[in-house]
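By convention here, the first residue in the shown sequence is residue 1.
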Amino acid sequence: MSAKKRLILCLYLLAGTIANGQIPVEVFVGQKRSTVDIMFFKYFRNRKGEQTRWLFFNRNRAGVDHRMTETNYLPQFGFTEAISYNHKKLKGIAPVAVGQIMNAGTMTKAGVQYAHLGSVFTAFTWLVTETNKNPDIDHFVLVRYTPKLSKKLQLFTQLELLTVLPTDDKAARSYTQRARAGIKVQHLQSGIGIDLNQTGNTTINKTANAGIFIRYEF
(Lines give C-alpha, C1' and ligand atoms only; values in the text may rest on other atoms or scores of the structure.)
Protein backbone atom coordinates (compact mmCIF):
# COMPACT_ATOMS: atom_id res chain seq x y z
CA MET A 1 0.00 0.00 0.00
CA SER A 2 1.41 3.39 -0.99
CA ALA A 3 2.03 6.21 1.49
CA LYS A 4 -0.86 8.21 0.06
CA LYS A 5 -3.32 5.34 0.47
CA ARG A 6 -2.13 4.72 4.03
CA LEU A 7 -2.71 8.37 4.92
CA ILE A 8 -6.20 8.36 3.41
CA LEU A 9 -7.06 5.16 5.27
CA CYS A 10 -5.83 6.58 8.59
CA LEU A 11 -7.86 9.76 8.12
CA TYR A 12 -11.05 7.79 7.49
CA LEU A 13 -10.44 5.60 10.52
CA LEU A 14 -9.93 8.68 12.64
CA ALA A 15 -13.12 10.19 11.22
CA GLY A 16 -15.09 7.21 12.44
CA THR A 17 -13.95 7.80 16.02
CA ILE A 18 -15.20 11.40 16.24
CA ALA A 19 -18.11 11.65 13.80
CA ASN A 20 -20.71 12.38 16.45
CA GLY A 21 -22.85 15.40 17.16
CA GLN A 22 -24.05 17.76 14.46
CA ILE A 23 -23.22 16.75 10.90
CA PRO A 24 -24.62 19.20 8.32
CA VAL A 25 -25.79 17.79 4.98
CA GLU A 26 -26.55 20.17 2.09
CA VAL A 27 -28.54 19.35 -1.04
CA PHE A 28 -28.16 22.00 -3.74
CA VAL A 29 -30.33 21.90 -6.88
CA GLY A 30 -29.16 24.21 -9.65
CA GLN A 31 -30.23 24.88 -13.20
CA LYS A 32 -27.21 22.95 -14.56
CA ARG A 33 -26.18 20.48 -11.85
CA SER A 34 -27.11 19.22 -8.40
CA THR A 35 -24.79 18.44 -5.50
CA VAL A 36 -24.75 16.76 -2.11
CA ASP A 37 -22.28 18.20 0.39
CA ILE A 38 -21.29 16.99 3.88
CA MET A 39 -18.84 19.24 5.72
CA PHE A 40 -18.01 19.54 9.42
CA PHE A 41 -15.28 20.37 11.93
CA LYS A 42 -14.64 18.29 15.05
CA TYR A 43 -12.03 18.44 17.79
CA PHE A 44 -10.67 15.14 19.03
CA ARG A 45 -11.45 14.43 22.68
CA ASN A 46 -9.38 12.58 25.25
CA ARG A 47 -10.57 9.76 27.51
CA LYS A 48 -12.04 12.30 29.94
CA GLY A 49 -14.13 13.83 27.17
CA GLU A 50 -12.05 16.99 27.12
CA GLN A 51 -11.32 18.80 23.88
CA THR A 52 -7.77 18.32 22.61
CA ARG A 53 -5.68 20.47 20.29
CA TRP A 54 -6.29 18.19 17.28
CA LEU A 55 -8.95 19.46 14.86
CA PHE A 56 -10.50 17.20 12.23
CA PHE A 57 -11.99 18.63 9.00
CA ASN A 58 -14.29 16.49 6.85
CA ARG A 59 -15.65 17.36 3.40
CA ASN A 60 -17.51 14.85 1.20
CA ARG A 61 -19.01 16.28 -1.97
CA ALA A 62 -20.66 14.74 -5.04
CA GLY A 63 -22.30 16.36 -8.06
CA VAL A 64 -24.40 15.26 -11.02
CA ASP A 65 -24.72 17.31 -14.21
CA HIS A 66 -28.26 17.49 -15.62
CA ARG A 67 -26.80 16.96 -19.13
CA MET A 68 -25.18 13.66 -18.16
CA THR A 69 -24.88 10.95 -20.82
CA GLU A 70 -23.13 7.58 -20.84
CA THR A 71 -19.84 9.21 -21.86
CA ASN A 72 -20.07 12.94 -21.13
CA TYR A 73 -20.80 15.12 -18.09
CA LEU A 74 -20.24 12.20 -15.76
CA PRO A 75 -20.73 12.50 -11.97
CA GLN A 76 -17.94 14.12 -9.95
CA PHE A 77 -16.95 13.45 -6.37
CA GLY A 78 -14.40 14.55 -3.81
CA PHE A 79 -13.52 13.35 -0.31
CA THR A 80 -11.30 15.62 1.80
CA GLU A 81 -10.07 14.79 5.29
CA ALA A 82 -7.62 16.98 7.20
CA ILE A 83 -6.02 17.04 10.64
CA SER A 84 -4.43 20.09 12.25
CA TYR A 85 -2.65 20.72 15.56
CA ASN A 86 -4.04 23.87 17.20
CA HIS A 87 -1.97 25.34 20.03
CA LYS A 88 -3.64 28.18 21.96
CA LYS A 89 -0.61 30.43 21.64
CA LEU A 90 -0.89 30.31 17.85
CA LYS A 91 -4.41 31.87 18.05
CA GLY A 92 -6.03 29.74 15.34
CA ILE A 93 -2.99 29.20 13.12
CA ALA A 94 -1.96 25.55 12.81
CA PRO A 95 -0.01 23.11 10.63
CA VAL A 96 -2.36 20.87 8.65
CA ALA A 97 -2.13 17.58 6.76
CA VAL A 98 -4.73 16.86 4.08
CA GLY A 99 -5.77 13.69 2.27
CA GLN A 100 -8.06 13.73 -0.77
CA ILE A 101 -9.77 11.22 -3.03
CA MET A 102 -11.23 12.76 -6.20
CA ASN A 103 -12.11 11.86 -9.77
CA ALA A 104 -8.59 12.88 -10.76
CA GLY A 105 -7.01 10.50 -8.23
CA THR A 106 -5.64 10.35 -4.70
CA MET A 107 -3.39 13.03 -3.29
CA THR A 108 -1.81 14.23 -0.05
CA LYS A 109 -1.15 17.85 0.87
CA ALA A 110 0.43 19.82 3.69
CA GLY A 111 0.50 23.45 4.73
CA VAL A 112 -0.83 25.99 7.18
CA GLN A 113 -4.39 26.62 8.38
CA TYR A 114 -6.38 29.21 10.31
CA ALA A 115 -9.64 28.35 12.08
CA HIS A 116 -12.12 30.41 14.08
CA LEU A 117 -15.18 28.27 14.81
CA GLY A 118 -17.89 30.31 16.50
CA SER A 119 -21.62 29.82 17.01
CA VAL A 120 -22.41 32.91 14.92
CA PHE A 121 -19.25 33.56 12.89
CA THR A 122 -16.88 30.98 11.37
CA ALA A 123 -13.72 31.74 9.43
CA PHE A 124 -11.62 28.88 8.07
CA THR A 125 -8.78 28.97 5.57
CA TRP A 126 -5.74 27.00 4.52
CA LEU A 127 -2.83 27.25 2.12
CA VAL A 128 -1.56 23.79 1.22
CA THR A 129 0.58 22.20 -1.46
CA GLU A 130 0.66 18.69 -2.87
CA THR A 131 3.52 16.51 -1.68
CA ASN A 132 4.50 15.27 -5.16
CA LYS A 133 6.58 16.68 -8.01
CA ASN A 134 5.20 19.77 -9.80
CA PRO A 135 2.53 20.25 -7.12
CA ASP A 136 -0.65 22.27 -7.21
CA ILE A 137 -1.03 24.93 -4.53
CA ASP A 138 -4.50 25.25 -2.97
CA HIS A 139 -5.92 28.24 -1.13
CA PHE A 140 -9.30 27.57 0.49
CA VAL A 141 -11.47 30.09 2.36
CA LEU A 142 -14.77 29.49 4.15
CA VAL A 143 -16.71 32.29 5.88
CA ARG A 144 -20.07 31.68 7.58
CA TYR A 145 -22.24 34.27 9.37
CA THR A 146 -25.50 33.33 11.13
CA PRO A 147 -26.77 36.24 13.28
CA LYS A 148 -30.11 36.05 15.11
CA LEU A 149 -33.14 37.70 13.52
CA SER A 150 -35.55 36.64 16.28
CA LYS A 151 -35.70 34.08 19.09
CA LYS A 152 -36.19 31.18 16.66
CA LEU A 153 -34.91 32.62 13.39
CA GLN A 154 -31.36 33.23 12.15
CA LEU A 155 -29.85 34.56 8.95
CA PHE A 156 -27.65 32.00 7.16
CA THR A 157 -24.87 33.25 4.89
CA GLN A 158 -21.84 31.34 3.66
CA LEU A 159 -19.08 32.08 1.15
CA GLU A 160 -16.41 29.69 -0.14
CA LEU A 161 -13.40 30.50 -2.28
CA LEU A 162 -11.04 27.88 -3.71
CA THR A 163 -8.01 28.76 -5.82
CA VAL A 164 -5.84 26.05 -7.36
CA LEU A 165 -2.52 27.27 -8.77
CA PRO A 166 -0.28 24.71 -10.53
CA THR A 167 3.49 25.09 -10.41
CA ASP A 168 3.59 23.69 -13.95
CA ASP A 169 3.22 26.70 -16.28
CA LYS A 170 1.32 24.61 -18.84
CA ALA A 171 -1.33 23.36 -16.39
CA ALA A 172 -4.68 25.08 -16.05
CA ARG A 173 -5.54 27.27 -13.08
CA SER A 174 -8.86 26.87 -11.31
CA TYR A 175 -10.99 29.35 -9.36
CA THR A 176 -14.21 28.38 -7.58
CA GLN A 177 -16.69 30.52 -5.65
CA ARG A 178 -19.76 29.22 -3.81
CA ALA A 179 -22.25 31.50 -2.08
CA ARG A 180 -25.32 30.66 0.03
CA ALA A 181 -27.91 32.99 1.58
CA GLY A 182 -31.06 32.00 3.43
CA ILE A 183 -32.80 31.42 6.73
CA LYS A 184 -31.89 29.13 9.62
CA VAL A 185 -34.57 27.63 11.89
CA GLN A 186 -32.97 25.44 14.55
CA HIS A 187 -31.15 22.67 12.62
CA LEU A 188 -32.65 23.50 9.19
CA GLN A 189 -31.28 26.04 6.72
CA SER A 190 -32.64 26.85 3.27
CA GLY A 191 -32.31 29.57 0.66
CA ILE A 192 -30.67 30.45 -2.63
CA GLY A 193 -27.12 29.90 -3.85
CA ILE A 194 -24.74 30.05 -6.74
CA ASP A 195 -21.60 28.12 -7.72
CA LEU A 196 -19.10 29.79 -10.04
CA ASN A 197 -16.03 28.22 -11.64
CA GLN A 198 -13.27 29.49 -13.90
CA THR A 199 -10.59 27.20 -15.36
CA GLY A 200 -7.85 27.68 -17.88
CA ASN A 201 -4.55 29.39 -18.51
CA THR A 202 -4.52 31.77 -21.47
CA THR A 203 -8.17 31.00 -22.29
CA ILE A 204 -10.58 30.95 -19.33
CA ASN A 205 -13.70 28.77 -19.35
CA LYS A 206 -16.45 30.05 -17.05
CA THR A 207 -19.49 28.25 -15.64
CA ALA A 208 -22.29 29.40 -13.34
CA ASN A 209 -24.86 27.25 -11.55
CA ALA A 210 -27.61 29.05 -9.61
CA GLY A 211 -30.31 27.33 -7.58
CA ILE A 212 -31.74 26.58 -4.16
CA PHE A 213 -30.30 24.69 -1.19
CA ILE A 214 -31.59 22.79 1.81
CA ARG A 215 -29.15 22.13 4.65
CA TYR A 216 -29.87 20.08 7.75
CA GLU A 217 -27.66 19.45 10.79
CA PHE A 218 -28.16 15.85 11.88
Side-chain angles (χ1 to χ4, degrees), residues 1-27 36-62 77-102 105-132 135 138-148 151-152 154 156 158-160 162 180 184-189 214-218:
M1 183 181 292
S2 66
K4 287 185 178 181
K5 290 183 179 179
R6 286 197 298 268
L7 177 58
I8 296 294
L9 178 60
C10 289
L11 289 172
Y12 271 104
L13 291 175
L14 289 170
T17 66
I18 60 173
N20 54 1
Q22 292 184 348
I23 299 179
V25 178
E26 179 196 272
V27 176
V36 176
D37 196 348
I38 303 171
M39 178 174 62
F40 63 85
F41 309 87
K42 292 289 180 183
Y43 278 97
F44 288 96
R45 295 189 177 274
N46 57 26
R47 294 180 180 179
K48 296 180 180 180
E50 300 169 334
Q51 179 176 297
T52 70
R53 295 173 179 174
W54 296 95
L55 177 64
F56 177 75
F57 171 83
N58 174 280
R59 182 74 179 275
N60 300 325
R61 181 178 173 86
F77 65 87
F79 305 99
T80 300
E81 322 292 333
I83 297 177
S84 58
Y85 181 77
N86 296 263
H87 196 284
K88 290 183 179 180
K89 291 185 178 180
L90 295 179
K91 300 183 187 242
I93 300 174
V96 62
V98 182
Q100 290 183 315
I101 301 175
M102 309 181 76
T106 302
M107 60 201 76
T108 56
K109 303 176 182 180
V112 64
Q113 168 187 291
Y114 172 79
H116 172 80
L117 310 178
S119 58
V120 175
F121 178 74
T122 293
F124 181 84
T125 182
W126 68 37
L127 181 66
V128 297
T129 179
E130 292 178 345
T131 57
N132 57 6
D138 291 4
H139 183 212
F140 174 69
V141 178
L142 169 70
V143 178
R144 184 184 302 143
Y145 183 52
T146 58
K148 286 188 176 181
K151 290 183 178 180
K152 297 183 178 181
Q154 289 178 260
F156 181 86
Q158 180 172 288
L159 176 65
E160 289 183 58
L162 175 61
R180 304 288 186 267
K184 178 179 180 181
V185 182
Q186 295 183 344
H187 299 299
L188 178 66
Q189 302 95 47
I214 297 177
R215 184 174 182 270
Y216 191 84
E217 298 171 355
F218 289 92

Gln113 and side-chain contact (heavy atoms from CB on, under 4.5 Å): which partner among Leu55, Leu127, Val128?
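Between Gln113 and the candidates, side-chain contact (heavy atoms from CB on, under 4.5 Å) is satisfied uniquely by Leu55.
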By the definition side-chain contact (heavy atoms from CB on, under 4.5 Å), identify the one residue from Asp37, Ile38, Val98 that meets it with Arg59.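 Going through Asp37, Ile38, Val98 one by one, the side-chain contact (heavy atoms from CB on, under 4.5 Å) with Arg59 is satisfied by Asp37 alone.
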Measure the acute angle between the ring planes of [X] and [Y], then classify it against the limits of 30° and 60° as parallel, tilted or perpendicular.
| X | Y | result |
| --- | --- | --- |
| Phe77 | Phe79 | tilted |
| Trp126 | Phe57 | perpendicular |
| Phe40 | Phe56 | tilted |

- prompt: Given the rule in the side chain to side chain contact (heavy atoms under 4.5 Å, CB included) test, do Val36 and Asn60 qualify, once you have shown the distances and angles that lead to the verdict?
  reply: CA-CA 8 Å; Val36 176; Asn60 300 325; over 6 Å; no
Out of the candidates Tyr85, Phe41, Phe44, only one should pair with Trp54 under the ring pair (Phe, Tyr, Trp, His ring centres under 6.0 Å) rule; please name it.
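By the ring pair (Phe, Tyr, Trp, His ring centres under 6.0 Å) criterion, Trp54 pairs with just one of Tyr85, Phe41, Phe44: Tyr85.
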(request) Return the set of residues passing side-chain hydrogen bond (donor to acceptor under 3.5 Å, both in side chains) with Thr125 (not counting sequence neighbours), or none when no residue passes. (result)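 Residues passing side-chain hydrogen bond (donor to acceptor under 3.5 Å, both in side chains) with Thr125: His139.
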Are the side chains of Gln100 and Glu130 in contact, using a 4.5 Å heavy-atom criterion?
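Glu130 vs Gln100: side chains apart.
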Can I get a per-line list of side-chain donor-acceptor pairs under 3.5 Å for residues 87-94, giving both atom names and the distance, sequence neighbours left out?
unit_1 : atom_1 : unit_2 : atom_2 : d
His87  : ND1    : Lys89  : N      : 3.1
His87  : NE2    : Arg53  : NH1    : 3.3

Report task. Give every residue pair that meets the salt bridge (Lys or Arg N to Asp or Glu O under 4.0 Å) criterion with at least one member in residues 138-148, sequence neighbours excluded. Result ->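 Sorted pair list: Lys109-Asp138.
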key: Candidate list Arg61, Gln158, Arg215, Arg180, test side chain to side chain donor-acceptor pair (under 3.5 Å), partner Glu26, passing option   =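 Per the side chain to side chain donor-acceptor pair (under 3.5 Å) rule, the option paired with Glu26 is Arg180, out of Arg61, Gln158, Arg215, Arg180.
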